[in-house]
Amino acid sequence: MAERGRRAGSKAPKEPWPKASVPGSWRRDHVRVAHDSFRHVSRRFGTTLLAWLLVGIALALPAALYLVQSGLAELTGRWDHRPGLSVYFEPGMGPDTLAAELREQFGVERVEVTTQEEALAEFGAQAQLADALGILEVNPLPASLRVVPVAGAGPADLERLAELARRHPGAAEVVVERTWLERVTAASVVARRLGAILGALFALGAVMVTATSVRLAIEGRLEELKVMKLVGASDGQVRRPFLYLGMLYGLGGGVLAAMLLSVGLTVVEAPLAGLLGSFEVEFEPAAFSLRFLAILLGAGTLLGVIGAVLAVRQRRASLDIL
Amino acid sequence: MGQIEFHGVVKRFDNGFEALRNVSLSFEEGSMTFLTGHSGAGKTTFLKLLLCLDRPSRGRITVNGVDLGSLKARGLAFYRRGLGAVFQDHHLLTARSVFENVALPLRVAGMRERDVGRRVRAALTRVGLLERESMLPTQLSTGEQQRVGIARAVVIRPRVLIADEPTGNLDPDLSRDIMALFGQFNQVGATVIVASHDLQLIGGLNQRIVELSHGAVVRDIRPTPGSAHHG
């Protein structure tokens, strides 16, 4: 009875013989494959260097655009001569009411008021026309006020304040001094979008370079792979060397891209610092940080692995001995 | 029930040629069998099906009761780890040393390096090639290459050893040595199936002989009990 119960409970074998698992074999295989891959890369250093260069350039170009974009964004944030808003009033109308109203608004750092008299005095002093102006019966210059927004204010904030000023009954003209900010912001957007497009294109390029290099490696080892499968290598074991190879191509490309960017930054550092200094902005390549470096190397490695996966998939039929 | 069973196996290729016709055979665990027949009789196809290098068009092959057709990729890999295969054209890696070639199945199985070294050297000693371990296969004679192939097949201590014309390129003395080696391996419990057309060589070994002709089994001669020897 007990015997029958055991038989009923026992499952039919799924494998011809029990799987002989060797403890630590998975880890050992990874170590061995990593070692073999390093050896493969060092033995074919010319080919490897070419792959690294291509992947490196493909990564360096969008990364450089990212640095430019980050720099522009940083620059607009640190710009001391912030753009503002000027309101010119109808003759005889005073700016005090609107000035008080604007000072209450969110995002306004200060409001500078210029009365008609002050405007006339300033004009006379600058144009040295004090005598000529003296013969005028009526002061033709309007009273005005200038709104200086807080740091980091964007075009939308300025537009909101301008709309408020336009609704004021005494306001004759409202001028938003946003040209510089808009240009920098627009350039930053262009750089970001261009970076995204170039990034996608060059990432594709990096994947293709890695895929081609890995495919060549597969072609060179096709017989070995077939023998490996014949002696019981799993699909994972067959794929593994090429994934490591792709990873090394990508990682090496990432390192090379970082080196290229570093050299590029060193070359432009002095003239760029001079240019920014003329705008009273200190040069700080803050975007080229450890985090950026980690992302660059990670992206290179990931692209390399993707390329290798594509190459292995493409040649899978050749690796199938059944 | 035999360890290996062919049930009505037919292998028909795309061009319509039937390499195996309704073959039903059973091989007991620990047995030694010679497959013989003229060139094109179906010996290699038979072994390829057993190695899962091809699938039968009809019928099924079971090993220890498991239908080989039911094995998925991972199952196939583990199945092959229990087999040792020797080919007439060796299938050696020409860019790797003799040691590396023989070590391949052990490394695939995930064995520790110190065990790999020990077992590879033991296998090379058995085939008399220990002093050649650092040489490349291309630097060896055909007979030596064949012995490297045998060392690679036996190093994993397979449950089933399969050899396709292992003595095809060898002189009679070396052929006898290799058959003796298979015999020794069979004596320690492995099932051995050897395809050979050399009737003179296998006739005197008093082992089971299965003769194929045009893809069909035409003779199945069992050894005389108590008189089997291994050359």
Side-chain angles (χ1 to χ4, degrees), chain A residues 7 10-37 39-40 42-44 216-241 244 312-313 316-322, chain B residues 3-4 29 48-55 61-85 87 90-96 100-113 115-116 149 152-153 155-160 162:
Chain A
R7 278 182 190 172
S10 66
K11 291 179 181 174
K14 287 181 179 173
E15 312 286 346
W17 25 74
K19 287 178 183 173
S21 66
V22 184
S25 60
W26 186 83
R27 182 187 51 78
R28 260 195 302 281
D29 198 52
H30 273 274
V31 171
R32 186 179 55 78
V33 168
H35 178 259
D36 280 357
S37 300
R39 205 169 52 179
H40 178 93
S42 57
R43 277 183 184 170
R44 293 161 182 81
L216 285 174
I218 293 174
E219 298 292 341
R221 293 176 67 180
L222 219 47
E223 276 312 302
E224 179 181 344
L225 298 174
K226 285 184 176 176
V227 173
M228 272 180 74
K229 287 203 92 171
L230 202 60
V231 298
S234 64
D235 287 347
Q237 284 177 310
V238 170
R239 271 196 306 264
R240 203 162 290 150
Y244 267 86
V312 170
R313 279 194 177 182
R316 190 161 54 186
S318 312
L319 298 178
D320 266 345
I321 56 173
L322 175 60
Chain B
Q3 183 190 32
I4 300 166
E29 189 169 357
K48 276 187 169 179
L49 293 180
L50 190 53
L51 277 164
C52 283
L53 299 179
D54 211 342
R55 298 271 197 209
I61 303 164
T62 61
V63 175
N64 288 330
V66 175
D67 186 350
L68 295 186
S70 69
L71 294 178
K72 301 282 185 290
R74 197 160 178 76
L76 263 180
F78 278 106
Y79 166 64
R80 288 193 185 118
R81 286 182 198 179
L83 302 177
F87 302 92
H90 324 308
H91 284 313
L92 297 178
L93 307 176
T94 50
R96 303 267 181 139
E100 295 290 317
N101 268 280
V102 179
L104 191 65
L106 300 175
R107 288 185 174 144
V108 162
M111 205 158 276
R112 288 179 190 86
E113 270 313 301
D115 295 332
V116 169
R152 187 183 63 191
V155 74
I156 196 80
R157 294 174 193 158
R159 290 159 189 269
V160 178
I162 297 164

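Proteins get letters first, then strands, A, B, ... in listed order; numbering begins at 1 in each. Keep in mind it's a predicted model, so treat the numbers as computed, not measured.
- Here the shortest heavy-atom pairing between A:P18 and B:R159 reads CD-NH2, 4.0 Å.
- The shortest side-chain heavy-atom distance between B:V66 and A:E15 does not fall under the 4.5 Å cut-off.
- Proximity of A:D235 to B:R74: side-chain heavy atoms (C-beta onward) are nowhere separated by under 4.5 Å.
- In this structure, CZ in B:R80 is found 6.5 Å from NZ in A:K229, a value given to the nearest 0.5 Å.
- Taking 4.5 Å as the limit, every side-chain heavy atom of A:V231 sits out of range of all side-chain heavy atoms of B:I156.
- Side-chain contact check for B:L83 versus A:L230: every heavy-atom pair is 4.5 Å or farther apart.
- Only the side chain of B:R96 has a heavy atom closer than 4.5 Å to any heavy atom of chain A.
- Counting heavy atoms of neighbouring residues, nucleotides and ligands inside a 6.0 Å radius, atom NE2 of A:H30 exceeds 12 of them.
- Ranked by heavy-atom pairs shorter than 4.5 Å toward chain A, the options B:A95, B:G82, B:G75 are led by B:G82.
- Residues B:N64 and A:P16 come closest through the heavy atom pair ND2-O, 2.8 Å.
- In this structure a side-chain-to-backbone donor-acceptor pair under 3.5 Å is missing from A:E224 to B:L93.
- Between A:W17 and B:V160, the closest side-chain pair of non-hydrogen atoms falls below 4.5 Å.
- With a 4.5 angstrom heavy-atom cutoff, B:R152 touches chain A only via side-chain atoms.
- Atoms NZ and NE2, from A:K226 and B:H91 in turn, are 9.5 Å apart once rounded to the nearest 0.5 Å.
- To the nearest 0.5 angstrom, A:R28 atom CZ is 11.5 Å from B:R107 atom CZ.
- The shortest heavy-atom contact between B:A77 and A:S234 is CB-CA, 3.8 Å.
- Counting heavy atoms from C-beta outward, A:E223 and B:T94 have side chains that stay 4.5 Å or more apart.
- Heavy-atom distances place the side chain of B:L68, and not its backbone, under 4.5 Å from chain A.
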